[in-house]
Amino acid sequence: MTRTPSTSTTREPLLRHLLGERLRQLRHVRGETLDQTARRAGISPQYLSEIERGVKEPSSEMIAAITGALDVTLVDLVAAVADRLVVVRDTARQPTCQAAFALAA
C-alpha cells in the first residue's frame, strides 16, 4: 500500500497567473480580441497576451490601463482574484489520504 504525504506539496499559484486568468476571462466576456483590448489600454497585443498567460508581471499602471480598457474597477479585479485564491487554498486543504476520509465518515 502506498502512502500519500499528509502535507500538501501543491503550491499556491502566483498572483500574476490568477490576475492574467481573470483579465482573459473579462476580455472574453466582452467578446474582444487581444488587439481590441490592447489598443484601448495603450499596450501591445503581445504584452497583453503575456500578462494573460502569467508570463509578465504588470505594473500597477499597466493593470489600471487594462482594467480601464475592460471597463472594470481595480477593486472588482482584485476581489475576483482574491476569491479565486481562496478557492485554490481551500481545495489544497482537502484531505488527501484514505485515513482522513475514513475519519470523516
Side-chain angles (χ1 to χ4, degrees):
M1 180 165 103
T2 306
R3 289 184 59 175
T4 55
S6 59
T7 58
S8 176
T9 57
T10 305
R11 290 186 170 170
E12 288 183 327
L14 295 175
L15 180 60
R16 71 175 185 250
H17 291 149
L18 296 177
L19 179 72
E21 178 183 289
R22 183 62 182 153
L23 289 172
R24 178 176 282 156
Q25 289 170 350
L26 291 167
R27 182 175 59 78
H28 284 174
V29 165
R30 291 176 59 98
E32 293 185 356
T33 65
L34 281 166
D35 289 331
Q36 292 167 323
T37 303
R39 187 175 343 105
R40 278 199 320 284
I43 62 175
S44 73
Q46 179 182 352
Y47 188 59
L48 179 56
S49 174
E50 290 172 339
I51 292 170
E52 287 184 353
R53 290 181 286 129
V55 174
K56 297 286 185 180
E57 192 154 353
S59 68
S60 57
E61 290 85 2
M62 281 298 143
I63 296 169
I66 297 166
T67 56
L70 292 171
D71 220 12
V72 298
T73 66
L74 182 58
V75 170
D76 290 338
L77 175 66
V78 171
V81 170
D83 288 346
R84 178 72 177 117
L85 190 56
V86 168
V87 168
V88 169
R89 182 195 62 196
D90 289 347
T91 301
R93 288 186 178 174
Q94 296 297 321
T96 56
C97 67
Q98 290 180 347
F101 287 120
L103 289 174

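All values reported here derive from a predicted model rather than from experimental measurement.
The two residues A69 and A41 come nearest to each other via the heavy atoms CB-N, 3.7 Å. Of all heavy-atom pairs between R22 and V81, the closest is CB-CG2, 4.1 Å. For the residue pair I43 and M62, the shortest heavy atom distance occurs at CG2-SD, 3.2 Å.
Both L26 and L74 sit in one connected hydrophobic cluster of ILVMFWY residues. Membership requires side-chain heavy atoms under 4.5 Å apart, directly or through other members. Note: the hydrophobic cluster containing I63 does not contain V55 (ILVMFWY, side chain heavy atoms under 4.5 Å, direct or indirect links). No continuous path of hydrophobic side-chain contacts links Y47 to L14 [ILVMFWY only; heavy atoms under 4.5 Å].
Interatomic distance, E57 CD to L19 CG, rounded to the nearest 0.5 Å: 8.5 Å. Here the straight-line distance linking atom CG of D76 with atom CG of D71 works out to 10.5 Å at 0.5 Å rounding. The CZ atom of R24 sits 7.5 Å away from atom CZ of R53, with the distance rounded to the nearest 0.5 Å. The CD atom of E21 lies 10.0 Å from the NE2 atom of H17; values are rounded to the nearest 0.5 Å. Rounded to the nearest 0.5 angstrom, L23 CG and I51 CD1 are separated by 7.5 Å.
A 4.5 Å side-chain heavy-atom check between L34 and R27 finds at least one atom pair inside the cut-off. Using a 4.5 Å heavy-atom cutoff, the side chains of R40 and E32 are in contact.
Proximity of a side-chain donor or acceptor of R30 to a complementary backbone N or O of L70 within less than 3.5 Å is detected.
Residue Q25 qualifies as enclosed at atom CD: its count of foreign heavy atoms under 6.0 Å is above 12.
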